[in-house]
Number of protein chains: 4
Amino acid sequence: MRKIDEGKKERVKLAVFEITRDEGIAGLSFGKIAKHANVSSGTPYVYYKDKTDMLGKIYLDVKDLLDTGLRASIAAGKTPEDKLFNCVYHFAQQFHEHPLESIYLDEVRDNPKVVTAEVIRQGNRLAQPVDNLFQELNEAGMFVINNQETLYALLFAPFIMVQKQRVVTDQPMMLSELETVIRLSIQGVLKNR
Amino acid sequence: MRKIDEGKKERVKLAVFEITRDEGIAGLSFGKIAKHANVSSGTPYVYYKDKTDMLGKIYLDVKDLLDTGLRASIAAGKTPEDKLFNCVYHFAQQFHEHPLESIYLDEVRDNPKVVTAEVIRQGNRLAQPVDNLFQELNEAGMFVINNQETLYALLFAPFIMVQKQRVVTDQPMMLSELETVIRLSIQGVLKNR
Amino acid sequence: MRKIDEGKKERVKLAVFEITRDEGIAGLSFGKIAKHANVSSGTPYVYYKDKTDMLGKIYLDVKDLLDTGLRASIAAGKTPEDKLFNCVYHFAQQFHEHPLESIYLDEVRDNPKVVTAEVIRQGNRLAQPVDNLFQELNEAGMFVINNQETLYALLFAPFIMVQKQRVVTDQPMMLSELETVIRLSIQGVLKNR
Amino acid sequence: MRKIDEGKKERVKLAVFEITRDEGIAGLSFGKIAKHANVSSGTPYVYYKDKTDMLGKIYLDVKDLLDTGLRASIAAGKTPEDKLFNCVYHFAQQFHEHPLESIYLDEVRDNPKVVTAEVIRQGNRLAQPVDNLFQELNEAGMFVINNQETLYALLFAPFIMVQKQRVVTDQPMMLSELETVIRLSIQGVLKNR
DNA sequence: AATGAATGAGCGTTCATTCAT
DNA sequence: CATGAATGAACGCTCATTCAT
């Protein structure tokens, strides 16, 4: 029995990331992926059932990767403010460390129809530590508003938008710039300023 | 010379909006559009050079529509804070009044490759009044940061994210909810709180 | 508005018949058909919704063609025996006159899954005159057995088998040979010999 | 040297029969067969050179199986008429006893292109006893016609058609029904009635 | 002997686009 | 201006076949 060639599988994933970065997730086609990854057109089907399955599995892989260390980051914060900053900043750092994966994540979030609702649900479950932290600070009365949806938008949307803007315009993104945005987002959301 | 049938052209645009809302911008095909609009498959080519041209022209139409009254809204604000609120809130109101067009706009912003870079540039030019206002308040030293990109993200990204979330999950969006988000965004961005 | 080019549509149908004759109905593919008919690969989709639709519509066309004149043939028979002979012989004649279409019909009958059950049902409805005649002679007590299914098999199966055998082995088929088979089949099925 | 696992080979054959019964011979794919037989996708290639070889070898196996006892059946007939009946009825019995194999046989006969011409020829050679009997009765002047092809069609086609009809419509087939058809076929073919 | 990862040709189908009418 | 028949490239996917293990 032949073992599955992990190099090939990785090349397929890499192709997905790079094409998504360069042409958007709408630009993904199995033909392009196979050519880019230098594998046969049938090879992706060895690893994935179909396109939706592929995009979904890779999405969850990416979620997993980017959530790695999140719990530890939060725990490392001494004050609640620190915890919150670490939490949000974690994803900015991950973007810096894993830009391809982060861009892919953003694209899937913007086009959730490319994966199943179940995959989105599973992905959200991985963000549990964020929810827990929000809940905790919320109960401590630290936020200017006690609504998760709004809080999430105020804290995450700004730096994600800046990220995307840079990707689209092909300009470099410095971590310190993201840090600034995040610090401002956090200040705007905490009561005692 | 026959005049182009504006009713047909409008039906084509409406078809684009409705299909985009229901299936995302990736679901747009000329065949679907023609059937939805009850015109022949060749008709859209009477009005537009090709698909990119169509999406781009409609994008600019929408931009134009949604910017209508922006200058007046800003001018109507008595204090600088009022002006800023009116400015951002204008787009929230437009979303409420023109949801189809707003959704289309969001989709194009998330998938900017469907139009040309030039179209995006032209679209941005229409937001001139926003830039002017930002510049003005900036020079008055009212912002916690003097960087247009960051300011834009802090003020617009949160409520846009909330909007999109509601559209995706098919939940209703009340204008007052958006107002809350926007007020918080603005407070977070102004110096003297 | 362009009119549909009937020549092209006919060439597509002819391609279906010829490929079916040469390679069996399993050998049919849209690629082969288009190449054979010298039309673009997308052209068959102008005429037919999909493969099943195409095979079904052509099947009904063929049924229609081959049933043409059946009623008249039966009516032309003076005695009941004559009517019966004319009825069965009609299809032998049609095979001789329209061999491609007849072969196609046989292949669909042998592989009924290539069309929908509804199409088969509609096709059977066209054979009404045969059923009527059988019923009539049956009530007159002329048959050695009063079971339509069995009668049909005894009268039609033999000459169809001979036909198919000749097609498969690429040997010519004379109408007089079929006539012999049919006369024997009929004698075997009538009471008073 | 390892022996080939006959259990596996049998499972492959059974898979071929069952898939053919359920989906027709066109539904056969090596992937399906392997999954159905619970063997690896490469395993059938251990036993067979390729698909044509597999279908052909299995066809000959089936022919062999279904011809088993034919000679004895014929010999057991006391009169020539009995011999003829036993000969034809033998295959009806085999259909009853080995329906999967018989259906497979019918499907290959209807789609002879799935095997080579040589295989068909070899298969026909196995029916030698039938030919011999026909020859014998022919020389005794018992038939209404002295043409093997025609005789074969008159005797075998009707009950095969009835069989197939029942399989397609998923209705049960009683041996006594086939017997009726066969008795009528034989009466129609013998001179002295 | 048996496995199953990998291949690449070919499948049915869609779709942006063209152009004769 | 408007139509819709026709095109052909590209799509997602299947499948017979090969071969390293």
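Lettering follows sequence order; numbering is per chain, from 1.
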Inset, instruction - Under the side chain to side chain contact (heavy atoms under 4.5 Å, CB included) rule, collect the residues that match up with A:Glu18, sequence neighbours excluded. - result: A:Leu14, A:Arg21, A:His36, A:Leu100
Legend entry - All salt bridge (charged side-chain N to carboxylate O under 4.0 Å, His left out) counterparts of C:Glu10, not counting sequence neighbours: none
Inset, instruction - Please determine, for the side chain of D:Ser29, which listed nucleotide (F:dA5, F:dC15, E:dA6) has the closest atom? - result: F:dC15
Inset, instruction - Would you classify C:Ile33 as touching base, sugar-phosphate or nothing, given that sugar-phosphate means primed atoms plus P, OP1 and OP2, and contacts are heavy atoms under 4.0 Å? - result: nothing
Inset, instruction - Strictly below 4.0 Å, heavy-atom distances to any atom of DNA chain E: list the hits from residues 37-56 of chain C, or just say none. - result: C:Tyr45, C:Asp50, C:Lys51
Inset, instruction - Flag the pair C:Lys57 and C:Asp61 as a salt bridge only when some basic side-chain nitrogen lies within less than 4.0 angstrom of an acidic carboxylate oxygen. - result: no
Inset, instruction - Provide, to the nearest angstrom, the distance between the NZ atom belonging to C:Lys35 and the C1' atom belonging to E:dG12. - result: 16 Å
Inset, instruction - Name all residues meeting the side chain to side chain contact (heavy atoms under 4.5 Å, CB included) criterion together with C:Val167; count only those two or more places apart in sequence or in a different chain, and write none if there are none. - result: C:Phe95, C:Ile103
Legend entry - Earlier contact from the 5' end, DNA chain E, for A:Asp5 and C:Leu28: A:Asp5
Inset, instruction - Let me know the distance between CD1 of A:Ile4 and P of E:dT7, rounded to the nearest Å. - result: 11 Å
Inset, instruction - Kindly say whether C:Asn38 contributes a backbone atom to a donor-acceptor pair with the side chain of C:Arg11 at under 3.5 angstrom? - result: yes
Inset, instruction - Check side chain to side chain contact (heavy atoms under 4.5 Å, CB included) between A:Ile120 and all other residues, then give those that pass, not counting sequence neighbours. - result: A:Tyr59, A:Pro112, A:Val115, A:Asn124
Inset, instruction - Take atom CZ of C:Phe30 and atom P of E:dT13, then tell me their distance rounded to the nearest Å. - result: 6 Å
Legend entry - Between P of E:dT14 and NZ of B:Lys32, the distance in whole Å: 11 Å
Inset, instruction - Would you list the pairs meeting salt bridge (charged side-chain N to carboxylate O under 4.0 Å, His left out) in which at least one residue belongs to residues 24-51 of chain C, sequence neighbours left out? - result: C:Glu23-C:Lys32
Inset, instruction - Name all residues meeting the salt bridge (charged side-chain N to carboxylate O under 4.0 Å, His left out) criterion together with A:Asp22; count only those two or more places apart in sequence or in a different chain, and write none if there are none. - result: none
Legend entry - Runs of at least three consecutive pairs that involve DNA chain E, where pairs are Watson-Crick or G-U with distances under 3.5 Å: E:2-21 with F:2-21
Legend entry - For A:Asp5, all residues meeting salt bridge (charged side-chain N to carboxylate O under 4.0 Å, His left out), sequence neighbours excluded: none
Legend entry - Sub-4.0 Å heavy-atom contacts from residues 7-26 of chain B onto DNA chain F, ordered by number: B:Lys8
Inset, instruction - Please collect all side chain to side chain donor-acceptor pair (under 3.5 Å) contacts where either partner lies in residues 99-113 of chain D, sequence neighbours excluded, each pair once. - result: C:Asn111-D:Asn111, D:Asp106-D:Arg109, D:Asp110-D:Lys164
Inset, instruction - Could you pull out all residues at least two apart from D:Glu6 that satisfy salt bridge (charged side-chain N to carboxylate O under 4.0 Å, His left out)? - result: none
